[in-house]
Amino acid sequence: MGYTEAEKELSVYESMAARFDVAARQLKLDAGLYKYMRCPNREIIVHIPVEMDNGTVEVFDGYRVQHSIARGPSKGGVRYSPQVTLDEIRGLAAEMTWKCAVVNIPFGGAKGGVVCDPEKLSRGELERITRRYTAEILDYIGPERDVPAPDMNTGEQVMAWMMDTYSMHVRHTVTASVTGKPLDLGGSRGRREATGRGCMIVCDQALKRFGKTPESTRVIIQGFGNVGSQAARLMYEAGYRITGVADLHGGTYNSRGIDIPALLEYAHEAKGVKGFPGGEAAESCELLEQDCDVLLPAATESVITSRNASRIKARILVEGANSPTTPPADEILFDRGVFVIPDILANAGGVTVSYFEWVQDRQGYFWTENDVNDRLKHIQVAAFNDVVHYGEKHNVNNRIAAYMLAIDRVAFSLKLRGIYA
Ligand code: NAD
């Protein structure tokens with residue numbers, strides 16, 4: 001089942017493709033379907049001219065990759081970062097297809113991004129970038145086609161601007177055109193917490209397998225944005241001991257457990273966790289290797305590599321971020337018996353509640369927060385059990401099991417639909 005030397009590449013697309021290849025070999029996937037499913041349906045590249053506050057014009061590169069619409073409209077986030085590349089977006093789009101299939105919701109996969117540094121942009125510049133990016137990809141998105149959502153450095157406000165731009169073009173308000181919107185604009189209750197909550201739900205299931213309780217479980221979290229901070233808050237409230245938290249600028253460690261409500265307040269004021277008085281200063285990379293029971297990377301990709309995987313002490317890895325672990329690191333972790341809850345399962349809470357948001361917008365009828373949370377739990381527990389049982393049945397690790405399950409489901413839909421000529 002191992003990776004070949006050629007597959008041990010580290011780019012996001014290549015990591016995805018390496019895993020896809022291993023899973024496809026295990027499934028003995030038909031050669032035609034293999035070719036079809038390995039590459040995206042459509043890749044859009046746009047160059048967006050934007051008038052800056054000082055009157056000059058800048059041109060930003062943007063991407064939208066639609067990997068698959070086999071099981072429904074494509075779905076996936078939009079990220080703003082100076083590091084965005086087409087390769088990364090292509091890999092993440094495919095992972096969205098597998099993620100939606102793992103949790104068995106009727107979407108395909110997509111991803112988008114704009115190469116920009118939001119820390120250096122004013123609110124007006126951010127709005128103009130968002131509106132022009134949306135206008136450039138407008139013919140390819142929409143509730144029945146491709147539904148964008150937030151990702152790194154994009155949140156409710158960016159989604160509100162995207163929804164408004166789409167709506168102005170089609171001449172009526174289409175709330176289901178994007179998800180992750182503010183509650184007052186057709187957002188769903190529970191969406192903000194959904195990815196972090198989903199991480200906790202699957203972590204709870206893993207603890208049951210190890211006969212552990214939240215109270216006896218030390219957790220280290222990398223990333224204190226949407227996913228990391230919500231996971232920290234919910235896990236803290238559920239009794240977990242959060243011993244380390246890091247963000248881009250630094251981290252904090254306290255073996256007795258961090259007071260998460262105090263850290264949330266501090267990080268809000270200080271714009272980060274660095275310097276928090278309730279813990280010792282620690283670097284983000286040190287925290288990954290610190291002794292703990294659960295490690296929850298919730299920041300960015302490729303942070304666990306062949307260079308540090310052998311020093312990871314956690315027994316359970318909950319991948320809140322997308323692609324935090326490279327294929328060579330996978331092998332090291334699995335050899336060492338780390339129970340990995342792969343990204344396409346662990347962080348699927350976000351897209352699951354995005355699906356709920358899309359359903360509610362289309363119905364024009366909104367659910368209570370309890371309804372949302374109960375349905376999310378039902379879906380994530382079922383997906384956790386599906387993946388773990390699939391792995392046990394086929395004698396593969398959780399990552400490959402999740403890929404196999406997803407590829408099998410997408411392949412089945414493609415076979416039923418046939419190939420349009
Ligand atoms: P965010 O922008 O809200 O937060 C990112 C956090 O990570 C910030 O605290 C930032 O300081 C920190 N960070 C960035 N690079 C870092 C580094 N090298 N070391 C340490 N910390 C670093 O983003 P988010 O929405 O929380 O997304 C985080 C990850 O989760 C991404 O991989 C994203 O694709 C994935 N994800 C997000 C959602 C969602 O609903 N937001 C859903 C599924 C997956």
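Whatever order the structure lists them in is the order used to number ligands and atoms, beginning at 1. Note that the structure is a prediction, hence the values are computed from the model and not measured. Nothing fancy with the numbering, it's 1 onward along the sequence.
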Mind checking whether [X] has an N or O less than 3.5 Å away from an N or O of ligand 1?
{"X": "G223", "value": "no"}
{"X": "K99", "value": "no"}
{"X": "N226", "value": "yes"}
{"X": "G228", "value": "no"}
{"X": "V227", "value": "yes"}

The salt bridge (charged side-chain N to carboxylate O under 4.0 Å, His left out) partner of D343 among K99, R19, R399 is R399

Region of [X] engaging ligand 1 - heavy atom pairs below 4.0 Å:
{"X": "R79", "result": "side chain"}
{"X": "N322", "result": "both"}
{"X": "A299", "result": "both"}

Exercise for the section: Would you mind checking if R218 and D293 are paired as a salt bridge, meaning a charged N to carboxylate O distance below 4.0 Å? Expected result: yes

May I ask you to say whether E286 pairs ionically with R311, meaning some side-chain N is under 4.0 Å from a carboxylate O?
no

Answer yes or no for R191: is there a heavy-atom contact with ligand 1 below 4.0 Å? yes

* Does ligand 1 have an atom that lies less than 4.0 angstrom from a heavy atom of A298? -> yes

As a quick check of understanding, evaluate salt bridge (charged side-chain N to carboxylate O under 4.0 Å, His left out) for E136 and R132, giving each step before the final call. CA-CA 6 Å; E136 294 288 345; R132 186 63 190 247; 2.9 Å; yes

Mark up the atoms of ligand 1 that fall under 4.0 Å of a heavy atom belonging to [X], in ascending order.
{"X": "A321", "answer": "29 (C), 30 (O), 32 (O), 35 (C)"}
{"X": "D151", "answer": "33 (C), 34 (O)"}
{"X": "N153", "answer": "2 (O)"}
{"X": "Q222", "answer": "19 (N), 20 (C)"}
{"X": "S284", "answer": "19 (N), 20 (C)"}

Practice prompt. Specify whether F384 and F339 have parallel, tilted or perpendicular ring planes, treating 30° as the upper limit for parallel and 60° as the lower limit for perpendicular.
Written response: tilted

Between F356 and W367, what is the ring plane arrangement, given parallel below 30°, perpendicular above 60°, and tilted in between? tilted

Nearest heavy atom to atom 42 (C) of ligand 1, choosing from T154, V351, T195, belongs to T195

Considering only protein heavy atoms, which is closest to [atom], and at what distance to one decimal place?
{"atom": "atom 17 (C) of ligand 1", "answer": "L248 CD1, 3.8 Å"}
{"atom": "atom 9 (O) of ligand 1", "answer": "F224 N, 3.0 Å"}
{"atom": "atom 4 (O) of ligand 1", "answer": "G225 CA, 3.2 Å"}

inquiry  = Is it the case that atom CZ in R192 sees more than 12 heavy atoms from other parts of the structure closer than 6.0 Å?
reply    = no

Check your understanding: Would you say C285 and N308 make side-chain contact, with heavy atoms under 4.5 Å?
Key -> no

Discussion item. One pair to check against side chain to side chain contact (heavy atoms under 4.5 Å, CB included): Y63 and K111. What are the steps and the verdict?
Written reply: CA-CA 8 Å; Y63 308 105; K111 201 81 179 186; over 6 Å; no

Handout entry: side-chain hydrogen bond (donor to acceptor under 3.5 Å, both in side chains) between T165 and T134, worked out
Key = CA-CA 7 Å; T165 307; T134 309; 4.7 Å; no

When you check the side-chain N and O atoms of E95 and Y13, is any donor under 3.5 Å from an acceptor? no

Do S167 side-chain atoms and V174 backbone N/O form a donor-acceptor pair below 3.5 Å? yes

